[in-house]
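Let me begin by presenting the structure, written as structure tokens, before commenting on it.
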Amino acid sequence: MIQRWLRLLALAAALALLGTIQAAPTDLVSCLSDIKSTSNASYLTTQSSASYKTERLVFDRNFDYLPLAIYHPGSEEDAAAAIQCAATYNVAVTPRSGGHSYEGYGNGGKDGSLVMNVDKLQKIEFDPATGIVTVGAGVRLGPLYTYLWENGQYLIAGGTCPSVGISGNALGGGLGMLSRKYGMLSDTVVGLRMIDAKGELWEANDNNNSDLYWALRGAGSGSFGLVTEFKIQAFKAPDKVTTMLIHWPFNMTRKVIEAYGRWGSPSLSEDLFPAMRFEKQIELQINFLGSLADAEAALAPLIQDAGPPSDKVVHEGTWMEAAILWGAVPNLEAFRNPDLTAHRYHRGRSLLYREPLSSADIDIIIEYLTHPPEHSTKVFVIIDIWRGKIDRPHTPSAFDAHRAVYHSINLSVEWKGDSGNASASAEECLAWSASFMSKLEDVFPGGRPNVEAYQNYIDRDLTNWLEAYYRGGLPRLQALKTKFDPQNVFSFPQSIPPMAGKFNSQ
Ligand SMILES: Cc1cc2nc3c(=O)[nH]c(=O)nc-3n(C[C@H](O)[C@H](O)[C@H](O)COP(=O)(O)OP(=O)(O)OC[C@H]3O[C@@H](n4cnc5c(N)ncnc54)[C@H](O)[C@@H]3O)c2cc1C
Ligand SMILES: *[C@@H]1O[C@H](CO)[C@@H](O)[C@H](O)[C@H]1NC(C)=O
Ligand SMILES: *[C@@H]1O[C@H](CO)[C@@H](O)[C@H](O)[C@H]1NC(C)=O
Ligand SMILES: *[C@@H]1O[C@H](CO)[C@@H](O)[C@H](O)[C@H]1NC(C)=O
Ligand SMILES: *[C@@H]1O[C@H](CO)[C@@H](O)[C@H](O)[C@H]1NC(C)=O
Ligand SMILES: *[C@@H]1O[C@H](CO)[C@@H](O)[C@H](O)[C@H]1NC(C)=O
């Protein structure tokens with residue numbers, strides 16, 4: 001009896017003490033507002049902030065989710081405090097870097113998330129002695145490539161679009177015109193720093209927390225924690241880089257795809273990266289790390305097999321000139337400062353093949369490209385050839401799911417989403433894309449359950465997407481998800497779920 005009284009008294013005293021020190025926050029926003037910042041750069045945007053309406057927008061404008069709040073950490077301490085707030089109030093956390101997710105996941109991918117926008121984490125520090133560059137999670141590819149070029153003519157092997165964020169690109173793979181020579185961007189990441197759902201900071205590399213290091217490179221987008229910093233191996237740019245644009249008329253599609261499948265055999269030079277685009281005509285874009293004469297020699301067997309092109313534009317120049325061309329921007333300044341207001345209405349789908357395309361695949365591609373949706377502004381298919389160094393990483397990672405991939409193919413449709421008959425156009429284009437994809441899945445080698453796809457072209461309508469993206473690595477990824485985020489704080493519609501039977505992914 002006396003003991004019970006004592007306990008009640010102690011409880012009352014504790015409550016009184018709490019009351020005098022500080023009222024505990026009662027919701028996410030007050031918890032975030034109460035963070036004692038360690039950086040003046042940190043700030044909070046809530047649904048009542050004037051900038052909320054524009055800040056929530058991401059590159060793909062057909063998604064407009066409503067986050068509960070957007071927090072911009074200026075330091076790792078502030079990021080950790082914000083994540084702890086979200087965990088306390090049971091709010092899903094979604095990181096955002098460049099905002100280029102195909103599904104708008106940089107905005108939560110559903111209403112009601114805490115978006116952690118890392119745009120204040122802009123460190124770039126390059127050590128020429130090791131060739132390793134330390135990069136803040138909010139840096140975009142354009143400014144990073146420009147910095148490395150202007151500080152000793154170095155390069156890193158990532159994506160081609162200058163406004164894409166380093167985080168999403170490196171965590172999900174990162175493919176570009178250098179991949180056959182240096183591997184995926186994730187293969188050149190030598191260290192990362194990540195804050196988990198409890199606000200704890202992890203360093204991950206080959207020797208320390210190597211399980212996390214394995215998972216983040218290929219499966220790290222948004223599922224395990226907030227990555228704050230990358231260490232990436234850069235390479236000295238070659239003296240000469242040659243680019244080519246080679247065109248054939250559309251009616252040569254079958255012949256050209258078949259020749260392309262024969263040409264990209266394992267003996268294809270790793271200095272060469274080809275992307276073939278099928279739209280109104282066929283356009284083969286070549287990047288070659290070397291001279292024009294050597295590029296022509298590497299290309300000759302394809303031209304001989306496919307038949308003469310209708311025209312060819314070639315340029316022998318520097319790596320930076322090639323990057324500007326592949327980045328589809330007019331000049332160096334536009335590459336250094338990419339237009340962050342650019343956006344589109346678009347559906348992009350991905351399929352990865354371990355063998356050349358079949359005659360049935362080619363029939364479907366021709367059929368759909370010759371019957372585009374009436375309200376589309378653009379439809380195209382891109383077929384890349386992978387292999388090369390992509391198949392020989394220096395150390396295992398979650399991207400091992402996609403070694404020995406032969407072709408990556410990219411189906412795209414765009415429409416006008418901000419004027420005219422927007423929603424009807426969207427509906428028609430989405431239906432076309434779904435039907436095209438489904439036809440290709442029907443004839444996928446090994447059948448539909450075997451479908452494989454690239455996680456950086458993330459697609460919530462993809463059949464068996466967890467298996468398609470992570471394949472044999474999935475059980476280990478789920479075990480690591482359970483270790484680093486058992487409460488599933490870092491969740492969005494396509495995050496990796498904790499181990500089966502414990503929690504759901506959404
Ligand atoms: C125009 C365009 C061109 C592209 N070109 C290429 C290309 O050449 N090669 C290629 O490989 N891909 C390319 N992509 C795909 C691109 O790599 C992916 O969409 C990538 O995820 C985008 O990264 P982001 O940081 O810009 O996007 P975000 O939308 O900010 O993030 C993408 C995903 O990563 C997560 N994420 C972001 N930051 C962090 C972080 N700090 N820690 C943990 N998770 C994080 C997000 O939650 C989200 O799930 C392109 C996409 C577009 C729209
Ligand atoms: C923030 O700004 C104030 C005033 O400008 C300065 O005194 C303080 O040192 C800054 N704090 C940090 C963490 O940078
Ligand atoms: C390993 O990482 C932890 C944080 O995750 C860090 O405290 C420790 O210093 C690191 N050890 C080494 C040897 O780098
Ligand atoms: C293919 O298209 C080209 C240009 O569009 C045209 O000149 C040529 O006659 C066509 N060939 C066939 C076999 O239809
Ligand atoms: C794939 O297509 C998308 C458009 O859907 C484009 O943004 C991206 O750069 C393409 N990737 C490659 C490697 O061609
Ligand atoms: C919008 O497009 C749909 C389908 O093409 C059509 O049925 C409808 O009449 C259009 N509406 C307007 C206002 O143009």
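Order of appearance sets the numbers: ligands from 1, and atoms from 1 within every ligand.
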With backbone taken as N, CA, C and O and side chain as the heavy atoms from C-beta onward, which portion of [X] lies under 4.0 Å from ligand 1: side chain, backbone, both, or neither?
{"X": "Glu103", "answer": "neither"}
{"X": "Leu171", "answer": "side chain"}
{"X": "Ala137", "answer": "side chain"}

Practice prompt. For Asn169, counting its heavy atoms only, list the atoms of ligand 1 lying under 4.0 Å from any of them.
Written response: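 Counting from 1, the qualifying ligand atoms are 9 (N), 10 (C), 11 (O), 12 (N), 17 (O), 20 (C), 23 (O).
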Worksheet entry | Residues which pass ring-ring contact (aromatic ring centres under 6.0 Å, His included) with Tyr469, listed by chain and number, not counting sequence neighbours | none
Worksheet item: Phe235: what forms a ring-ring contact (aromatic ring centres under 6.0 Å, His included) with it, not counting sequence neighbours?
Response: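 Applying ring-ring contact (aromatic ring centres under 6.0 Å, His included) to Phe235 gives Tyr182.
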Item to complete: Any side chain to side chain donor-acceptor pair (under 3.5 Å) involving residues 57-68? Give me the pairs, sequence neighbours left out, ordered by first then second residue.
Response: Arg56-Asp64, Arg61-His343, Tyr65-Arg460
Worksheet item: Parallel, tilted or perpendicular: which fits the ring planes of Tyr454 and Trp386, with parallel below 30° and perpendicular above 60°?
Response: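 Because their plane-to-plane angle is over 60°, the rings of Tyr454 and Trp386 count as perpendicular.
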Discussion item. Parallel, tilted or perpendicular, judged at 30° and 60°: which one describes the rings of Tyr457 and Tyr102?
Written reply: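 Aromatic pair Tyr457/Tyr102 classed parallel.
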Worksheet item: Can you find a non-hydrogen atom of Gly99 under 4.0 Å from ligand 1?
Response: yes
Practice prompt. Could you tell me if any non-hydrogen atom of Gly109 lies under 4.0 Å from any atom of ligand 1?
Written response: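 Contact check Gly109 vs ligand 1: negative.
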Worksheet item: Should Tyr454 be counted as touching ligand 1, given the test is an N or O pair under 3.5 Å?
Response: yes
Discussion item. If the criterion is any heavy atom closer than 4.0 Å to an atom of ligand 3, which residues make the list?
Written reply: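 Answer by chain and number: Leu201, Trp202, Glu203, Asn208, Asn209.
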Discussion item. Taking 4.0 angstrom as the limit and counting only heavy atoms of Pro249, give me the atoms of ligand 4 inside it, by number and element.
Written reply: 2 (O), 3 (C), 4 (C)
Discussion item. Can you confirm whether or not the ring centre of Tyr406 sits under 6.0 Å from the ring centre of Tyr353?
Written reply: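 So the answer is no for these two rings.
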Item to complete: Using a strict cut-off of less than 4.0 Å between a Lys/Arg side-chain nitrogen and an Asp/Glu carboxylate oxygen, indicate whether Arg347 and Glu103 qualify as a salt bridge.
Response: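 Counted as a salt bridge, because a side-chain N and a carboxylate O are separated by less than 4.0 Å.
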Fill in: Donor-acceptor pair, side chain of His402 and main chain of Ile390, under 3.5 angstrom
no
